[in-house]
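Here is the structure we will look at, set down as structure tokens.
Remember, it's a predicted structure, so these values are computed and weren't measured experimentally. The figures here come from the full heavy-atom set of this structure, side chains too, leaving out hydrogens, waters and symmetry mates.
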Amino acid sequence: MRRQRPEFRRQVRRRFPNVIWLTLCGLVVLMLIILLSRESTQPRSRSVLSKSSYMNNKSMEGLNVTAEMLSPDSIARQLNDQISLAKAYVVISKESNNLQFAWELSAQIRNSQILLSNAALRRSPLTLRESETAIRDMALLLFQAQQLHYDSSTMIMRLKARIQDLEEQMSSVTDKSNKYGQIAAEEVPKSLYCLGVRLTTEWFKRTDLQKKALNNKQISTKLKDNNMYHFCVFSDNILATSVVVNSSASNSRNPDRLVFHLVTDEVNYAAMKAWFTMNSFRGVTVDVQKFEDFTWLNASYVPVLKQLQDSDTQNYYFSGNNDNGKTPIKFRNPKYLSMLNHLRFYIPEVFPSLKKLVFLDDDVVVQKDLAGLFIVDLKGNVNGAVETCMETFHRYHKYLNYSHPLIRSHFDPDACGWAFGMNVFDLVEWRKRNVTGIYHYWQEKNVDRTLWKLGTLPPGLLTFYGLTEPLDASWHVLGLGYTNVDPQVIENGAVLHYNGNSKPWLKIAMEKYKALWEKYVDYSHPMLERCNFH
């Protein structure tokens, strides 16, 4: 027993120093690890902090804020918040007809804005002492606004009501604008009326003009010569027709080959004859007729003339009392029922000896040689026209009533529309396919105005459906009478069309396009000077 105890003690004495040394070594290693980790983490934290501060600085620059405004106790931010809320209350108080309170709010807004401006000028933050009064006064006004129930829900309700009221006013103003614009477009300017009267007087007073018109045998020969370039214009506007002829002559390489067939009404016939007899257009041949001389143009043959004899039609177009004003005024324009407008569907009857012809509206200007139109291959079609289906609202469904089964079963609603106003007609194919008969069919089907409202484009789309050859868009540029047109497109255009209400001879014309038309008006002409044309 005694021998074992000493052995036991000796073993304990041997192990105790080993444990201490191991513990001390572990502590040393742990301290080294901690020191190394601190040194490695310090640069990272610095880089993260520098990056975050850089981003904060960039954000401050983008938001245009100062360090003072970022402070939770920022007086400038408090004032700005009050001003924003006060401005909203000003609107609501005015809507509530509380003008005194709106004035008080506006005055306090100005006071707060002055404080902010002064602080910005001296480049130092606002102090509580100098802004305490302004903040307190504004807070009292905002509290008063809340007591007046100018809360968010009330503000939203009233603003919505105001928006609806403004939309109704805008709709009413738009309707009136369209109405007065249409009336202005339909009225004949005094200067044009004066010109017609003076020219009519001149025609009957001067027998030499009448003899000159009768004795020109060369004209009668050219009128039937299919080797010439034949154009037709149906109009009662002397000056507009003159611009069409003059611009065509001025830009033609061979003006002596141009033949213009003008058809007008009996009222303007003498004036038109006088103007084109006394003026020369670089050798262009001009013939003037009146549609009243066409014996075949009667109610038994022409559906439009037959419809005009109907009392309901007369009430619809001339009094407008049968649908409580639901139909827009532009569809009630009696000019759409004028034979000068519908005569374009009877061109083969008007010019029985011609084979090919270019139709021009009287609101166009020609700025290129149009001889190229007479060699365009229509590929067996009757009508050559520029398509207008670049946008969906110029497709067939825009002009026709596709709820009607007759329209729905015969015509593709997405078919391309095309422009009337500059058209090449193959009159041989026209007669062969009886295109005028097709027009009569659709015109008679629309006696109750259920297929389309009014105008000549919708029946034209029906009549020439499948018979129209698209022309290059540069031949016919539209929109100069109602919208903005790309200047490059205008420069490259052969025929510029002032379709729309803003005709170039009216005061409501679009000024930036008027010069293109006036270029072909000789304002120094004695007749124009007497009638105060400017």
**Q.** Note, Q144 side chain near L140 side chain (heavy atom, < 4.5 Å)
**A.** no
Q.
In the structure I gave you, are the side-chain heavy atoms of L451 and L400 within less than 4.5 Å of one another anywhere?
A. no
Q.
Using 0.5 Å steps for rounding, measure from the CD atom of Q443 to the CG atom of L462.
A. 9.5 Å
(Q) Any non-hydrogen side-chain atom of L471 less than 4.5 Å from a side-chain atom of L373? (A) yes
Q: Spell out, as yes or no, whether a donor-acceptor pair under 3.5 Å connects the side chain of Q367 to the backbone of I490.
A: yes
Q.
Show me the pairs that pass salt bridge (Lys or Arg N to Asp or Glu O under 4.0 Å) and involve residues 511-534, at least two apart or across chains.
A. none
Q. When you check the side-chain N and O atoms of Y520 and N251, is any donor under 3.5 Å from an acceptor?
A. yes
Q: Taking the side chain as every heavy atom from C-beta outward, state whether W505 and L192 have any atom pair closer than 4.5 Å.
A: yes
(Q) Contact between L99 and N97 at the side-chain level, heavy atoms closer than 4.5 Å - yes or no? (A) yes
Q. Which distance, rounded to the nearest 0.5 Å, do you find between the NZ of K503 and the CD1 of I508?
A. 9.5 Å
Q. Hey, what do you get for CG (L195) to NE2 (H525), rounding to the nearest 0.5 Å?
A. 8.5 Å
Q.
Does atom NZ (K445) have a neighbourhood of more than 12 heavy atoms from anything else shown, all under 6.0 Å?
A. no
Q: Using the salt bridge (Lys or Arg N to Asp or Glu O under 4.0 Å) rule, collect all pairs that involve residues 113-142, keeping only residues at least two apart or in two chains.
A: R122-E130
Q | Salt bridge R344-D361, side-chain N to carboxylate O under 4.0 Å | A | yes
(Q) Counting only heavy atoms from other residues, nucleotides and ligands, does the tally under 6.0 Å from OH of Y402 exceed 12? (A) yes
Q: Please list all pairs passing the side-chain hydrogen bond (donor to acceptor under 3.5 Å, both in side chains) test where one or both residues lie in residues 485-498, with sequence neighbours left out.
A: D363-H497, H476-H497
Q) Any salt bridge (Lys or Arg N to Asp or Glu O under 4.0 Å) pairs touching residues 400-421, not counting sequence neighbours? A) none
Q | Heavy-atom closest contact (P504 atom, A509 atom, distance) | A | CA-CB, 3.7 Å
**Q.** Audit row: L105, F101, side chain to side chain contact (heavy atoms under 4.5 Å, CB included) steps and yes/no
**A.** CA-CA 6 Å; L105 280 170; F101 186 63; 3.5 Å; yes
(Q) For a quick test of reading the model, state the closest non-hydrogen atom pair linking D236 to N268 and the distance between them. (A) CB-ND2, 3.4 Å
(Q) I need the minimum non-hydrogen distance between A271 and G196, along with the two atoms involved. (A) CB-O, 3.5 Å
(Q) For a quick test of reading the model, state the closest non-hydrogen atom pair linking A385 to N423 and the distance between them. (A) CB-ND2, 3.5 Å
Q) At their closest point, which heavy atom of I407 faces which heavy atom of N401, and how far apart are they? A) CB-O, 3.5 Å
Give every donor-acceptor pair under 3.5 Å between a side-chain atom in residues 237-245 and any protein atom, sequence neighbours left out.
from: N237; atom 1: OD1; to: L239; atom 2: N; distance (Å): 3.2
from: N237; atom 1: OD1; to: A240; atom 2: N; distance (Å): 2.9
from: T241; atom 1: OG1; to: S235; atom 2: OG; distance (Å): 3.3
from: T241; atom 1: OG1; to: N237; atom 2: O; distance (Å): 2.7
from: S242; atom 1: OG; to: W275; atom 2: NE1; distance (Å): 3.0

Q.
Side chains of F234 and D265, heavy atoms from C-beta outward: is any pair under 4.5 Å?
A. no
Q | Exercise: do E104 and Q100 side chains pair donor with acceptor under 3.5 Å | A | yes
Q | Side-chain donor/acceptor of N499 to backbone N/O of G479, under 3.5 Å | A | yes
Q: Could you tell me which residues satisfy side-chain contact (heavy atoms from CB on, under 4.5 Å) with P470, sequence neighbours excluded, listed by chain and number?
A: E387
Q) Can we call the ring centroids of F411 and W442 under 6.0 Å apart? A) yes
Q) Can you check whether L141 reaches Y89 side chain to side chain, under 4.5 Å on heavy atoms? A) no
Q) Which value, rounded to the nearest 0.5 Å, describes the distance between S131 atom OG and M138 atom CE? A) 12.0 Å
Q.
Restricting to non-hydrogen atoms, name the atom on P189 and the atom on L506 that form the minimum distance, rounded to 0.1 Å.
A. CG-CD2, 3.6 Å
Q: Please work out whether the ring planes of W418 and F420 are parallel, tilted or perpendicular, with thresholds of 30° and 60°.
A: perpendicular
**Q.** Q78/I135 under side chain to side chain contact (heavy atoms under 4.5 Å, CB included): CA gap, chis, key distance, verdict
**A.** CA-CA 8 Å; Q78 186 176 354; I135 292 173; 3.4 Å; yes
Q: Report the distance from atom CG of L115 to atom OG1 of T127, rounding to the nearest 0.5 Å.
A: 9.0 Å
Q: Step through the shown structure and confirm whether more than 12 heavy atoms of other residues, nucleotides or ligands are within 6.0 Å of CZ on F143.
A: no
Q) Just how far is it from atom CG of L457 to atom NE2 of H394, taken to the nearest 0.5 Å? A) 9.0 Å
Q) Side chains of V358 and V424: does their closest heavy-atom pair fall under 4.5 Å? A) yes
(Q) Looking at W452, is its backbone amide N or carbonyl O close enough to the side chain of N446 to form a donor-acceptor pair, meaning the two atoms are under 3.5 Å apart? (A) yes
